[in-house]
Amino acid sequence: MNFSKLPLTQAMLTNLDALGYKNMTAVQAEALPSVLEGRDVMAEAKTGSGKTAAFGIGLLHNLDVKKFRVQALVLCPTRELADQVAKELRRLARFAHNIKILTLTGGESFGKQLGSLAHQAHIIVGTPGRVLKHLNKESLSLENLNTFVLDEADRMLDMGFLEEVEAIMGYLPKSRQTLLFSATYDEEVKSVAHKLLDNALHIKTTSVEKPNVIEELFYKTDDKLTTLVKVFSLKKPKNSIIFTNTKLEAKELAEKLIERKIDALAIHGDLEQYERNDVLVQFANGSTPILVATDVAARGLDIKELAMVVNYDLPHTLETYTHRIGRTGRAGAEGIAVTLYENYESEKAEEYRADAKRKFLDADSLEALPEIEMKPEFVTLVIEGGKKDKLRAGDILGALTGEAGLAGQDIGKIDIYDRQAYVAVASAHIDKAYKYLKNGKIKNHKFSVWML
Ligand code: ADP
Ligand code: MG
């Protein structure tokens, strides 16, 4: 699984190492040996599996930098994906100087693209419509093409690009390497693959990648807060992370939810480290059902069994969307991903229709639901003592179920740090537990205690 097993230059290997790519992903390990031999490859692999590098390393390997002509063309279904692929290719291309990668996507000035093309490029990443336009106008020549990549072939066809892709095929040189990537492989993709590929190696890594099971719902609304509360009433998630695009919004949304009787905490960049920890502990141990977070603040957060993810705003990129919702529906459990958008965000929301399993619903359909109240199952007590005081979870559990008289099932997660311990106590019994710990002892020792 190590990149050094591949016939790559030392400069490329050093760069991969610098990028933190220690081992190949499954699709890279299966595809790259054949890709580097120059063979056609058709790969089925899920989102986030590292497909860009699986073809990117290959096309960079084939590239003759001194020959300043278009040698590789990558087609992507959307401008956003083309930008992401170009960005990843630029990172992969850092090992060499002067590799020019140009994006050709719709929505950008055609004239400006003409200017860039006149200055030549090694690699073109683009969307079918715009690439075809340049081919038709002869501003783009594929005479020197070595590698053709069709990325996200299934989405491309879902979006109705079959005609453009077929027209582009007519411009490709006969002798070339073709790499086709797709998350699924249905009859449509098969027929395109058949026309494009020659004696291709077919690989499929989707079976080793455990898929998340996520119900993806999109609601158009002009009152996001009310719609969100109604969605909670409908789905009754045990816990949920709500993503906002700004930290101010995260803070304000948590406050507004509390006013609507939905218990929530916000985590954002303005919190001190200890405050951040208090919030994370409370969310993980069930002392708040809702965490409102920005992407940055949620980085590295690993909460198992997340019932729902909410995009309170449309994420800036599809990658962010995928990353966010990938936090639910893990390891076979069923998750729900809810995305809210207002009329002014409609155009951006339309891009998400490319995936047919996403459901677009009317927020009005939720109107009849009574609004739910969401209270935490537990309350967190902080004990001013930890590992350095030789305090163990068993000591706290023993004190609370012994002299304090609580039942074992009323005590939740116990987290012990160096100087502090957090114990989750069922809300109904919190007063009893608090009173005991404030006055009584743990392991014959008095500790200060407070409630979060
Ligand atoms: P896909 O196209 O399959 O959805 P991407 O190519 O966008 O996936 O890769 C997903 C993420 O994984 C990117 O952030 C990329 O930088 C990273 N990545 C790719 N290959 C590796 C690797 N071998 N080791 C570590 N990270 C990788
Ligand atoms: Mg990709």
Side-chain angles (χ1 to χ4, degrees), residues 47 77-81 83 106-107 127 152 154-155 158-161 212-237 239-257 259-262 264 266 289-295 298 306-329 334-372 374:
T47 306
T78 66
R79 175 179 172 176
E80 196 173 60
L81 286 164
D83 286 340
T127 46
E152 309 235 10
D154 50 354
R155 280 192 72 195
D158 284 347
M159 293 182 69
F161 281 134
N212 290 22
V213 186
I214 308 172
E215 183 182 27
E216 296 177 59
L217 308 175
F218 285 69
Y219 287 95
K220 183 173 177 178
T221 175
D222 42 30
D223 182 353
K224 286 185 177 178
L225 183 61
T226 300
T227 299
L228 177 58
V229 176
K230 300 273 185 193
V231 168
F232 283 150
S233 313
L234 180 69
K235 297 291 183 183
K236 302 185 176 63
N239 57 9
S240 173
I241 293 187
I242 306 172
F243 285 99
T244 61
N245 289 344
T246 68
K247 54 191 178 188
L248 181 66
E249 222 183 342
K251 222 183 302 189
E252 287 178 354
L253 180 56
E255 285 162 12
K256 286 189 212 152
L257 283 167
E259 281 169 21
R260 302 283 279 248
K261 300 200 166 63
I262 308 274
I290 310 288
L291 186 66
V292 190
T294 56
D295 293 298
L306 194 58
M308 185 188 277
V309 169
V310 177
N311 297 300
Y312 198 72
D313 302 306
L314 277 177
H316 293 307
T317 67
L318 187 74
E319 197 181 11
T320 306
Y321 175 83
T322 307
H323 195 81
R324 285 180 179 180
I325 74 165
R327 294 172 175 280
T328 185
E334 223 172 286
I336 306 167
V338 173
T339 304
L340 306 176
Y341 65 99
E342 288 190 41
N343 196 33
Y344 75 90
E345 298 171 284
S346 292
E347 201 182 323
K348 208 163 174 212
E350 283 303 309
E351 290 178 20
Y352 288 86
R353 286 193 198 259
D355 189 334
K357 73 174 183 300
R358 296 183 185 135
K359 290 197 201 102
F360 283 72
L361 303 164
D362 192 346
D364 292 341
S365 66
L366 301 166
E367 260 335 295
L369 292 168
E371 291 193 5
I372 190 181
M374 289 173 80

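Note that this is a predicted model, so its numbers are computed, not measured. Worth knowing before you read on, the calculation uses all heavy atoms, side chains too, and leaves out hydrogens, waters and symmetry mates.
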Using a 3.5 Å distance criterion without hydrogens, assess whether the side chain of [X] forms a donor-acceptor pair with backbone atoms of [Y].
X	Y	result
Ser240	Ile290	no
Lys230	Leu369	yes
Thr127	Arg79	no

Query - Which residues share a ring-ring contact (aromatic ring centres under 6.0 Å, His included) with Tyr312, sequence neighbours left out - result: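 Once residues adjacent in sequence are excluded, Tyr312 has no partner under the ring-ring contact (aromatic ring centres under 6.0 Å, His included) criterion.
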Report task. For Tyr219, check ring-ring contact (aromatic ring centres under 6.0 Å, His included) against everything at least two apart and list the hits. Result ->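 Once residues adjacent in sequence are excluded, Tyr219 has no partner under the ring-ring contact (aromatic ring centres under 6.0 Å, His included) criterion.
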Looking at [Y] and [X], is there a salt bridge between them, counting it only when a charged N and a carboxylate O are closer than 4.0 Å?
X	Y	answer
Arg353	Glu350	yes
Lys224	Glu249	no
Glu371	Lys261	no

Query raised in the report: Does Lys348 reach the side chain of His316, with side-chain heavy atoms less than 4.5 Å apart?
Result: yes
Please report the shortest heavy-atom distance between [X] and [Y], naming the atom on each side.
X	Y	answer
Thr244	Arg324	O-NH2, 4.0 Å
Ala337	Ile325	CB-CG2, 3.6 Å
Gly329	Ile214	CA-CG1, 4.4 Å
Ala307	Asn239	N-OD1, 2.8 Å
Arg358	Phe218	CD-CE1, 3.5 Å

Query raised in the report: Are Glu216 and Tyr321 close enough that a side-chain donor and a side-chain acceptor fall under 3.5 Å?
Result: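 Side-chain D/A pair, Glu216 to Tyr321: present.
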What is the distance from atom [atom1] of [X] to atom [atom2] of [Y], rounded to the nearest 0.5 Å?
X	Y	atom1	atom2	result
Leu257	Met374	CG	CE	9.5 Å
His323	Thr317	NE2	OG1	10.0 Å
Leu228	Leu366	CG	CG	10.5 Å
Ile241	Leu306	CD1	CG	5.0 Å
Asn245	Asn311	CG	CG	8.5 Å
Lys236	Ile336	NZ	CD1	11.0 Å

Query - Parallel, tilted or perpendicular: rings of Phe360 and Tyr341 (30°, 60°) - result: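 Ring orientation of Tyr341 relative to Phe360: perpendicular.
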Query raised in the report: Among Leu217, Ile242, Val231, whose side-chain contact (heavy atoms from CB on, under 4.5 Å) with Val310 holds?
Result: Ile242
